[in-house]
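Numbers here simply count residues along the sequence, with the first being 1. Remember, predicted model here, so these are calculated numbers, not experimental data.
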Amino acid sequence: MICQNTPIERYEIDGGEIFVKREDLACLPPGPPFAKVRGLYSRLLKLKSKGVEVVGYTETSISMAGWGISWMAHELGIKAVIFNPVYAKENDTSSVLEYHRSKWKEFDAETIDIDAGMAKVNYYVGKKILLEKFGPKAVMLPLGIPFPETVHAVSDEFILSSCGKFKSIVVCVGSGTMAAGILSGIIETKSDAKLYGVLCRESNQPGFKRSLLFDKAGIVFNNSFRNFHLVDLGYEYTNKVEMDCPFPCNPYYDAKAYKFLLDCRKEGYNKNRFKEPILFWNIGA
């Protein structure tokens with residue numbers, strides 16, 4: 001169901017080499033090509049052991065979380081309820097969302113339509129509906145599925161794959177859960193690798209985002225910790241980066257970080273910014 005020790009592939013790009021951690025292969029079909037589901041099975045199993053029969057999730061326009069939740073819940077005999085964002089008119093992400101809806105249906109998830117809007121507001125709208133309809137045996141899963149189990153699973157993957165040998169690591173950052181797992185692995189292995197986290201969406205509180213990520217990784221925030229750099233390029237969540245890529249790379253998430261890496265190399269920053277060998281941590285396809 002979930003693969004351990006996903007491959008690290010070597011690519012020659014712009015006269016240099018980049019290694020790619022293929023975490024888009026972390027989940028076997030028919031699950032999503034999306035490593036964020038690491039830890040999800042453990043969390044759902046714990047909830048089931050406590051008597052939970054229904055899990056709800058408020059989905060966004062481009063996330064694969066609802067697909068992963070529907071699939072894993074189906075495997076465990078738990079009912080999944082996905083709150084489906086309905087837009088007044090079609091937009092650039094409509095085809096992506098429609099495909100994901102087909103996956104929710106494939107795994108027998110119940111869908112409940114809610115007006116598209118701020119995800120945080122819709123989370124509480126969905127939670128109220130879920131508890132009113134299914135009662136105390138239902139649990140609403142948090143936005144972005146930022147589970148400690150996922151942080152631990154990613155850290156274990158970092159260690160298992162000997163990723164501590166790399167000097168620079170680049171990854172996209174959404175909720176920060178995956179990056180926190182990598183940071184945890186860096187600390188656990190006493191690696192001197194530097195992690196560059198490229199935000200998938202602009203943050204108006206970068207300091208808070210950084211401290212939140214440190215907290216997930218079990219790091220006491222202080223200014224002396226120099227192994228992590230948070231990069232904000234001003235992207236909106238639904239901005240799509242279309243570019244040639246030699247491996248499957250999600251245009252709404254990973255491609256933003258991959259473009260940052262390539263742009264830095266083209267502009268001659270590589271020697272100053274990135275120590276080699278360089279690892280690109282690819283979360284999803």
Side-chain angles (χ1 to χ4, degrees), residues 2-13 16-26 35-39 42 146-200 206-207 209-232 247 249 253-254 256-265 269-284:
I2 302 296
C3 299
Q4 309 302 320
N5 200 15
T6 52
I8 295 175
E9 298 173 347
R10 177 184 175 277
Y11 295 92
E12 290 219 11
I13 298 170
E17 63 179 9
I18 294 174
F19 294 85
V20 179
K21 176 65 170 165
R22 292 290 307 278
E23 278 287 89
D24 55 290
L25 300 175
K36 193 95 178 271
V37 296
R38 285 196 186 278
S42 298
F147 301 126
E149 292 91 340
T150 304
V151 175
H152 297 152
V154 173
S155 180
D156 288 347
E157 181 66 20
F158 181 97
I159 296 167
L160 181 64
S161 301
S162 301
C163 295
K165 65 188 177 186
F166 295 96
K167 298 300 182 183
S168 302
I169 303 172
V170 179
V171 69
C172 67
V173 173
S175 69
T177 305
M178 307 298 289
I182 298 170
L183 272 181
S184 178
I186 288 173
I187 294 167
E188 186 70 22
T189 58
K190 296 182 171 58
S191 168
D192 61 352
K194 289 191 176 182
L195 177 64
Y196 299 84
V198 180
L199 289 169
C200 297
K209 186 76 172 182
R210 180 182 172 91
S211 61
L212 183 65
L213 195 151
F214 276 24
D215 183 61
K216 289 181 180 182
I219 302 170
V220 177
F221 179 76
N222 62 74
N223 290 328
S224 65
F225 189 85
R226 304 294 184 185
N227 282 41
F228 178 64
H229 302 273
L230 192 63
V231 181
D232 189 343
F247 54 90
C249 187
Y253 295 98
D254 303 85
K256 294 172 181 176
Y258 186 62
K259 185 177 186 300
F260 161 76
L261 174 56
L262 295 193
D263 285 350
C264 286
R265 292 178 69 94
Y269 295 160
N270 184 51
K271 290 182 180 179
N272 297 323
R273 178 171 290 214
F274 301 119
K275 288 186 178 180
E276 296 185 343
I278 301 167
L279 178 68
F280 181 76
W281 194 283
N282 192 57
I283 295 170

Is it true that a side-chain atom of Arg38 and a backbone atom of Glu149 form a donor plus acceptor pair closer than 3.5 Å? no
Rounded to the nearest 0.5 Å, the CG atom of Asp156 sits from the OG atom of Ser184 at a distance of 8.0 Å
So, does Lys216 use its side chain to make a donor-acceptor pair with the main chain of Ser175 at under 3.5 Å? yes
Run the numbers on Leu199 and Lys209 for side chain to side chain contact (heavy atoms under 4.5 Å, CB included), then give the verdict. CA-CA 10 Å; Leu199 289 169; Lys209 186 76 172 182; 4.0 Å; yes
Less than 4.5 Å apart, any side-chain heavy atom of Ser155 and any of Val151? no
Nearest 0.5 angstrom please: His229 NE2 to Ile169 CD1, how far? 12.0 Å
Is it true that, when you exclude Lys194 itself, more than 12 heavy atoms of the residues, nucleotides or ligands shown sit nearer than 6.0 Å to its NZ? no
Distance check, rounded to the nearest 0.5 Å: Thr189 atom OG1 versus Ile159 atom CD1? 6.5 Å
Step through it carefully: locate the ring centre of Phe274, locate the ring centre of Tyr196, and say whether they are under 6.0 Å apart. yes
Answer yes or no: is there a side-chain heavy-atom contact under 4.5 Å between Phe260 and Val231? yes
Minimum side-chain heavy-atom gap Cys163-Ile8 below 4.5 Å: yes
Closest contact, heavy atoms only, Gly176 versus Leu213: O-CG, 3.8 Å
Sub-3.5 Å donor-acceptor pair from the side chain of Asp254 to the main-chain atoms of Gly284, do we have one? yes
Least distance between heavy atoms, Ala153 atom then Gly39 atom: CB-N, 4.2 Å
For the student: nearest non-hydrogen atoms of Asn227 and Ala193, plus distance: ND2-O, 2.9 Å
Distance, nearest 0.5 Å, that separates NZ of Lys21 from CD1 of Ile182: 10.0 Å
pair Val154-Trp281: side-chain heavy atoms closer than 4.5 Å: yes
Working to the nearest 0.5 Å, report the span between CG of Leu261 and CD1 of Ile278. 6.0 Å
Main-chain N/O of Ile283 paired with Lys36 side-chain donor or acceptor, under 3.5 Å: no
Any donor-acceptor pair under 3.5 Å linking the side chain of Ser168 with the backbone of Lys275? yes
Exercise: identify the closest heavy-atom pair between Ser191 and Gly164: OG-O, 3.0 Å
A side-chain contact here means heavy atoms from C-beta on lying under 4.5 Å apart; do Tyr258 and Asn282 qualify? no
Applying side chain to side chain contact (heavy atoms under 4.5 Å, CB included) to Phe280 and Phe247, what does each step give before you reach the verdict? CA-CA 11 Å; Phe280 181 76; Phe247 54 90; 3.8 Å; yes
Taking the side chain as every heavy atom from C-beta outward, state whether Pro7 and Arg22 have any pair of such atoms under 4.5 Å apart. yes
Just checking Glu188: does its CD atom have more than 12 heavy atoms from other residues, nucleotides or ligands closer to it than 6.0 angstrom? no
Looking only at non-hydrogen atoms, find the nearest pair between Cys200 and Lys256 and report the distance. O-NZ, 2.8 Å
May I ask you to test the Ile186-Phe158 pair for a side-chain heavy-atom distance under 4.5 Å? yes
For Asp192 and Lys167, indicate whether the former's side chain and the latter's backbone hold a donor-acceptor pair under 3.5 Å. no
Indicate whether the side chain of Glu157 and that of Ser161 have a donor and an acceptor atom separated by less than 3.5 Å. yes
Going from CG on Leu279 to CG on Leu195, what distance comes out if it is rounded to the nearest 0.5 angstrom? 10.0 Å
